[in-house]
Amino acid sequence: MNAVTVAYLVHDYTLVLSSDELSTLSEALLPGLEMSGQSTCIDNMEAVFSQTFHNIPDVLMYVAKRNLKVFNASWLCSMPLIHFLSKQCYPGEKPSEDTKHDHHRPYWWGIPDRDHNYKIDSEKESFKKEIESFKGKIVDSDVLQDMVGRMKPYFEMDYLLPRVLMASLKLEQLPVVAKTGYISTDIILASLCFYVKTEKDISKNSLKETAIKECLTVVKNKFSEENYEKSVEFLKCAWRSFMIAADVLTSMKDRGNKLTDTVIGLALDAFLISLHVFTLDNSNKEFIDKTACMGSYETTFDAVKGDIRSVLNEQMKWSKEKELLACLKSWDRMMNVSVPPGLIRDQFTMFIKESLHKSMKDKILDEKLVKVYCQSQNIFCDAMVEVLATFVSDAVVKCSSNTLHISKWSEEQLSKYGRLLSVVFERHIYINQDIFKDLTSILQFRLETWKPFPIYVKMCNNYASNLSESCLSSMKEFQTFIECVIQRIFDRTITMEHLHIIEENQEYFFKILKDILPVIDTKVLKNTMKLRIADMNEFKDCMENLRCFIDICHHSEDCLKF
């Protein structure tokens with residue numbers, strides 16, 4: 001009562017107080033902790049100040065503004081009574097499921113902006129502007145931590161107090177308060193959402209980005225299994241948190257591609273883990289039914305999944321070939337979420353896997369995908385590797401020796417590529433085993449059908465230890481077959497069909513021959529080939545002339561009959 005009387009005097013007579021005197025007055029305005037859940041003190045105050053009771057909030061705001069102007073953190077001490085007397089909340093009231101943190105009126109934050117008739121009040125408008133001005137400055141960390149420690153007992157009495165505290169801080173200082181463990185996850189997320197929407201410059205590794213990452217990490221830790229409580233209040237907090245985390249992700253998407261994958265990933269973790277906690281507890285049916293009336297969590301979940309997919313698809317669509325690894329890392333980060341096993345994690349991971357599968361279908365990634373798979377496979381999560389493996393086998397078949405410079409690869413990369421090539425080669429042999437019953441089919445497969453065969457030859461010659469026994473055995477068989485074909489070229493026993501296949505792929509044939517049988521004199525073989533091809537062409541000409549002669553004979557016979 002005495003403190004309120006002094007506040008009236010300061011207000012009515014515009015008394016000048018020092019910073020210490022303002023602090024002392026503000027601290028004296030703190031209500032007794034024993035009044036939590038009671039309204040006795042307020043009722044007594046109304047009896048004493050019967051004629052001016054409705055003006056007390058404005059008087060207290062005047063004192064708070066004086067503190068804000070001189071950058072005195074003790075302005076917070078005035079807020080509980082302001083909230084109670086303004087009927088924004090009552091002592092000991094628990095927060096509802098309301099998540100309207102981004103409403104044009106800042107009532108969610110505990111900042112009064114209307115009079116008792118809900119009309120715009122100049123005093124309250126002025127108070128709101130002072131808080132915004134205070135937010136533009138940095139509070140000494142020690143002073144801030146000390147004030148938070150002193151105000152912590154009042155956070156339970158006045159649930160709006162931690163909200164108005166966070167609403168008054170710069171982005172860089174949010175972690176200082178968040179790390180104390182006294183601020184609930186929904187308030188931390190709402191504070192971040194404001195800055196993600198309004199802060200223009202949040203560059204990589206800046207203090208602002210670091211602040212966002214630290215706050216999101218606090219949210220994740222607070223929802224760890226060790227901190228899980230089965231209570232309506234905890235369930236409400238989880239509800240508010242995942243709804244507001246969805247707003248954070250939407251705001252990040254609206255910024256365009258201006259935040260790092262790490263930041264977006266942490267925000268996604270915060271959303272999924274709070275949703276995971278919310279869906280774990282089915283015991284509070286009344287509250288769950290109530291939230292279902294406001295909108296099912298599945299609707300919000302689907303919207304977030306769609307936003308994440310949209311961001312990743314755009315990145316994949318417009319990424320250049322050299323950016324493939326960075327693009328796939330983004331998909332991997334979203335697939336490898338830090339959420340406990342359960343329904344939410346399984347549904348989200350499956351959704352991203354299916355989305356990546358569809359996205360990669362529309363992208364030509366042959367050589368680059370093989371390089372990324374062999375060079376960076378160990379940095380991806382199992383789910384990511386599973387998706388990549390679906391496409392990399394087909395990509396191997398489309399690669400040529402001109403695009404894969406395996407001589408520059410490390411032993412580990414060559415080993416991975418060797419295993420991959422072996423699997424693909426053996427699969428092709430198995431699928432086509434019925435047609436490999438004659439030399440023609442074998443020659444067609446090596447020279448016409450299987451594009452990566454030159455790389456396979458190089459691997460056999462230079463990196464044989466990385467290939468399977470089946471691959472090496474097949475190469476020995478083909479080497480014997482090639483020697484037989486060459487011998488037949490020299491002794492003029494090669495069939496026209498084989499000769500025609502080699503002629504059609506002559507450059508390719510000699511390129512492979514260099515690697516398989518380097519001792520062969522290719523110059524002599526080429527000259528011999530020319531002779532055999534000339535013989536074949538002469539034979540074809542003779543056959544054509546013979547066909548024409550037979551046609552003439554048949555025509556003459558028909559004329560004679562006529």
Side-chain angles (χ1 to χ4, degrees), residues 367 370 393 396-407 414 417-540:
E367 292 86 0
V370 173
S393 297
V396 166
V397 177
K398 298 173 184 177
C399 290
S400 67
S401 57
N402 296 327
T403 53
L404 283 180
H405 304 291
I406 57 177
S407 59
L414 286 168
Y417 181 67
R419 289 196 297 271
L420 180 62
L421 190 64
S422 297
V423 169
V424 173
F425 181 77
E426 289 165 9
R427 187 184 70 182
H428 275 266
I429 292 293
Y430 177 77
I431 292 173
N432 298 289
Q433 58 183 332
D434 292 338
I435 67 171
F436 291 158
K437 293 179 178 177
D438 58 73
L439 294 180
T440 302
S441 298
I442 297 172
L443 194 59
Q444 283 178 329
F445 175 72
R446 299 302 195 275
L447 297 185
E448 295 181 347
T449 309
W450 212 56
K451 189 177 179 182
F453 189 70
I455 308 176
Y456 167 59
V457 172
K458 286 182 183 296
M459 288 291 291
C460 286
N461 286 345
N462 303 318
Y463 313 104
S465 61
N466 296 304
L467 295 172
S468 67
E469 288 297 324
S470 175
C471 276
L472 296 175
S473 174
S474 179
M475 176 53 70
K476 288 179 182 178
E477 291 176 7
F478 183 67
Q479 188 172 352
T480 302
F481 167 72
I482 286 292
E483 288 174 347
C484 177
V485 169
I486 292 171
Q487 185 59 44
R488 289 182 179 184
I489 291 173
F490 281 123
D491 62 19
R492 304 182 70 171
T493 57
I494 188 169
T495 65
M496 287 183 60
E497 189 174 16
H498 292 172
L499 191 59
H500 178 71
I501 292 172
I502 295 173
E503 182 190 19
E504 289 289 313
N505 302 275
Q506 195 169 159
E507 183 179 348
Y508 191 48
F509 174 76
F510 280 102
K511 187 176 181 181
I512 292 173
L513 194 64
K514 253 189 200 177
D515 292 321
I516 296 181
L517 297 170
V519 294
I520 292 291
D521 189 336
T522 54
K523 186 175 181 181
V524 173
L525 181 59
K526 282 181 180 180
N527 290 333
T528 307
M529 277 282 295
K530 286 180 182 179
L531 294 174
R532 300 296 169 263
I533 291 170
D535 291 341
M536 180 178 67
N537 290 335
E538 285 181 10
F539 178 78
K540 286 180 179 180

Please list every donor-acceptor pair under 3.5 Å in which a side-chain atom of residues 519-526 meets a protein atom from a residue at least two apart or in another chain.
residue: Asp521; atom: OD1; partner: Lys523; partner atom: N; Å: 3.1
residue: Asp521; atom: OD1; partner: Val524; partner atom: N; Å: 3.4

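Residues forming a side-chain contact (heavy atoms from CB on, under 4.5 Å) with Ser468 (at least two apart in sequence, or on another chain): Ser422, Glu426, Ser470, Cys471. The side-chain contact (heavy atoms from CB on, under 4.5 Å) test applied to Ser473 returns Glu477, not counting sequence neighbours. Evaluation of the side chain to side chain donor-acceptor pair (under 3.5 Å) rule for Thr480 yields no partner, not counting sequence neighbours. When the side-chain contact (heavy atoms from CB on, under 4.5 Å) test is applied to Gln479, the partners found at least two apart in sequence or on another chain are Glu483, Ile516, Leu517. For the side chain to side chain donor-acceptor pair (under 3.5 Å) test, residues two or more places apart in sequence or in another chain that qualify with Asp535 are Arg492.
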Chi angles and distances behind the side chain to side chain contact (heavy atoms under 4.5 Å, CB included) call for Ile494, Ile486: CA-CA 8 Å; Ile494 188 169; Ile486 292 171; over 6 Å; no

Trace of the side chain to side chain contact (heavy atoms under 4.5 Å, CB included) decision for Asn466 with Tyr417: CA-CA 8 Å; Asn466 296 304; Tyr417 181 67; over 6 Å; no

Derivation and outcome, side chain to side chain contact (heavy atoms under 4.5 Å, CB included), residues Glu503 and Phe509: CA-CA 9 Å; Glu503 182 190 19; Phe509 174 76; over 6 Å; no

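Note that CG of Leu414 is 10.0 Å distant from CG of Leu467, once rounded to the nearest 0.5 Å. For the atom pair OG1 (Thr528) and CD1 (Ile489), the distance works out to 8.0 Å, reported to the nearest 0.5 Å. A distance of 6.0 Å separates CG of Leu421 from CE of Met459, quoted to the nearest 0.5 Å. For the atom pair NE2 (His500) and CG (Asn505), the distance works out to 9.0 Å, reported to the nearest 0.5 Å. Here the straight-line distance linking atom NZ of Lys540 with atom CD1 of Ile533 works out to 9.5 Å at 0.5 Å rounding. Interatomic distance, CZ of Arg532 versus CG of Asp491, reported as 8.0 Å (0.5 Å rounding).
Residues Leu472 and Cys460 have side chains in contact (heavy-atom distance under 4.5 Å, counting atoms from C-beta outward).
The two residues Phe510 and Met529 have their closest heavy-atom pair at CZ-CG, 4.2 Å.
Arg488 places no side-chain N or O within donor-acceptor distance of the main-chain N or O of Thr493, the cut-off being under 3.5 Å.
Within 6.0 Å of CZ on Phe539 lie no more than 12 heavy atoms contributed by other residues, nucleotides or ligands.
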